[in-house]
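One structure is given here, and the rest of the page talks about it.
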Amino acid sequence: KLLSTSAGISNNEIYQIACLSEFIKPRNILIIGNSYGISAMFLSLIFPKSNLVAIDKFRNEGINFTNSILKKISKNKYAISASSPEDIPSIAKKYFNDKIDLVLIDGLHTNEAQKIDFEAVYPYLTKNSLVILHDVINCNLIDSYEKICNKYKLQSYLFTKSTSGMALIFRDKVKNDIFKNYLDYFSDGIDKVIALNKILKQYDGEKKLKGISKTKYKLKKPKHPQK
């Protein structure tokens with residue numbers, strides 16, 4: 001029975017993140033925004049030896065469902081009822097000894113919330129940490145993404161070739177050339193996204209295009225499934 005995916009990570013994003021396991025080996029993983037646990041389940045399978053905690057403030061049914069699956073995968077992975085930013089310090093101490101290597105931020109999709117969530121986890125990031133911001137392009141979170149990058153001077157990649165337009169922010173510079181090539185392949189740069197948003201804004205999010213044939217096209221930015 002399908003309860004609800006509540007949007008979540010897409011198939012191609014699962015593939016993109018799975019390939020990261022060739023280059024990163026996180027010991028501690030935090031997910032902000034569990035929903036029905038798609039992210040928690042696939043990250044648990046990709047990184048079976050990692051400690052993992054997924055938090056959600058509202059979806060108790062989703063937490064129970066997620067835990068029913070996680071307990072079959074590993075003993076060190078949990079979904080819990082908690083909120084960011086207020087519960088992050090206690091979670092970091094209890095489950096991760098104040099050190100977090102991989103964070104997926106997929107909670108409340110507002111610029112303010114994204115910035116607050118990042119600032120909440122930043123003190124606990126290790127040297128080799130990676131923070132993934134989901135739905136950056138889809139939910140118009142470019143503003144807070146830029147502010148985060150400018151404030152903390154961290155190396156980041158905006159995956160324009162991903163379903164939601166997720167962003168990857170690294171605590172330290174990526175030095176492996178093969179890894180950098182992989183990240184660059186999915187990243188066209190933020191300038192193109194900003195330019196496209198400006199065009200669509202003039203036409204209320206949709207612009208009709210003329211094709212070579214009689215076929216009519218529309219340039220339209222997809223809405224997030226939760227909206």
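Predicted model, so just to flag it, every value in this text is computed and none were measured.
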>> For I32 and I88: C-alpha separation, side-chain torsions, deciding distance, then whether side-chain contact (heavy atoms from CB on, under 4.5 Å) applies.
In response: CA-CA 10 Å; I32 299 177; I88 297 301; 4.2 Å; yes
>> Quick one, N34 with R59, criterion side-chain contact (heavy atoms from CB on, under 4.5 Å). Give me CA distance, side-chain angles, the key distance, then yes/no.
In response: CA-CA 8 Å; N34 177 69; R59 297 184 180 90; over 6 Å; no
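For the atom pair NZ of K147 and CD1 of I142, the computed distance is 13.0 Å after rounding to the nearest 0.5 Å. Rounded to the nearest 0.5 angstrom, E13 CD and M166 CE are separated by 4.5 Å. Distance check, rounded to the nearest 0.5 Å: NZ of K57 to CD of E86 gives 5.5 Å. Here CG of D117 is found 9.0 Å from CG of L133. Values are rounded to the nearest 0.5 Å. With rounding to the nearest 0.5 angstrom, the SG atom of C149 is 10.0 Å from the NZ atom of K153. Expressed to the nearest 0.5 Å, how far NZ of K49 lies from CG of N76 amounts to 11.5 Å.
A centroid separation of less than 6.0 Å is found between the aromatic rings of Y152 and Y122.
Nearest heavy-atom pair across S81 and N60 is OG-OD1, 3.9 Å. Shortest non-hydrogen contact noted between Y36 and E61 is OH-OE1, 3.6 Å. Closest of all the heavy-atom pairs between T66 and M41 is CA-CE, 4.2 Å. Taking each heavy atom of K173 and Q155 in turn, the nearest pair found is CA-OE1, 2.9 Å. Looking at every heavy atom in both residues, P89 comes nearest to P85 through CD-O, 3.6 Å. A pairwise comparison of heavy atoms in S162 and N12 identifies CA-ND2, 3.7 Å as the closest pair.
Looking only at distances, a side-chain donor or acceptor of Q114 sits under 3.5 Å from a matching main-chain atom of L141. A donor-acceptor contact shorter than 3.5 Å links the side chain of N111 to the backbone of S144. Within the 3.5 Å criterion, the main-chain N or O of I100 finds a donor-acceptor partner in the side chain of S129. When atom types are taken as modelled, the side chain of N28 and the backbone of K99 share a donor-acceptor pair closer than 3.5 angstrom. No donor-acceptor distance shorter than 3.5 angstrom exists from the side chain of K77 to the backbone of A54, with no hydrogens or angles considered. Side chain of S50 to main chain of L52: no donor-acceptor pair is present (N/O by atom type, distance under 3.5 Å, no hydrogens or angles).
With hydrophobic clusters built from ILVMFWY side chains whose heavy atoms lie under 4.5 angstrom apart, Y15 does not share a cluster with L45. By the rule that hydrophobic residues join a cluster once side-chain heavy atoms approach within less than 4.5 Å of another member, I132 and L108 end up as members of separate clusters. If you chain together hydrophobic residues whose side chains sit under 4.5 Å apart, I14 and F23 fall into the same group. F58 is not connected to I91 by any chain of hydrophobic side-chain contacts under 4.5 Å among Ile, Leu, Val, Met, Phe, Trp and Tyr, and they are in different clusters. Residues I31 and I116 do not share a hydrophobic cluster, clusters being chains of Ile/Leu/Val/Met/Phe/Trp/Tyr side chains in contact below 4.5 Å.
No side-chain donor from either of S164 and N138 sits under 3.5 Å from a side-chain acceptor of the other.
For E22, the CD atom is loosely surrounded, since the number of other residues' heavy atoms within 6.0 Å does not exceed 12. Heavy-atom neighbours of N11 CG from other residues, nucleotides or ligands within 6.0 Å: at or below the threshold of 12. Crowding of K71 atom NZ: a count of heavy atoms from other residues, nucleotides or ligands under 6.0 Å not exceeding 12.
Side-chain atoms of Y95 and N51, non-hydrogen and from C-beta on, never get closer than 4.5 Å to each other. Between K161 and D188 there is a side-chain heavy-atom pair separated by less than 4.5 Å. Contact annotation: the side chain of L154 approaches that of R171 to within less than 4.5 Å [non-hydrogen atoms, C-beta and beyond]. When side chains are defined from C-beta on, I80 does not count as touching I63, because their heavy atoms never get closer than 4.5 Å. Contact check for L43 versus L102: side-chain heavy atoms found under the 4.5 Å cut-off. Contact check for F159 versus L168: side-chain heavy atoms found under the 4.5 Å cut-off. For the pair F47/R27, no side-chain contact is recorded, criterion being any heavy-atom separation below 4.5 Å from C-beta on. Within the 4.5 Å cutoff, side-chain heavy atoms of I169 are placed close to those of I148.
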Identify each donor-acceptor pair in which a side-chain atom of residues 177-187 lies under 3.5 Å from a protein atom, sequence neighbours left out, and give them as a table.
unit_1	atom_1	unit_2	atom_2	d
N181	ND2	D177	O	3.2
Y182	OH	Q16	O	2.8
S187	OG	L158	O	3.4
S187	OG	L183	O	2.8

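Just one residue in the list T126, I24, L125, L130 forms a side chain to side chain contact (heavy atoms under 4.5 Å, CB included) with D101, and that residue is T126. Between S44 and the options I69, L70, I29, a side chain to side chain contact (heavy atoms under 4.5 Å, CB included) holds for only L70.
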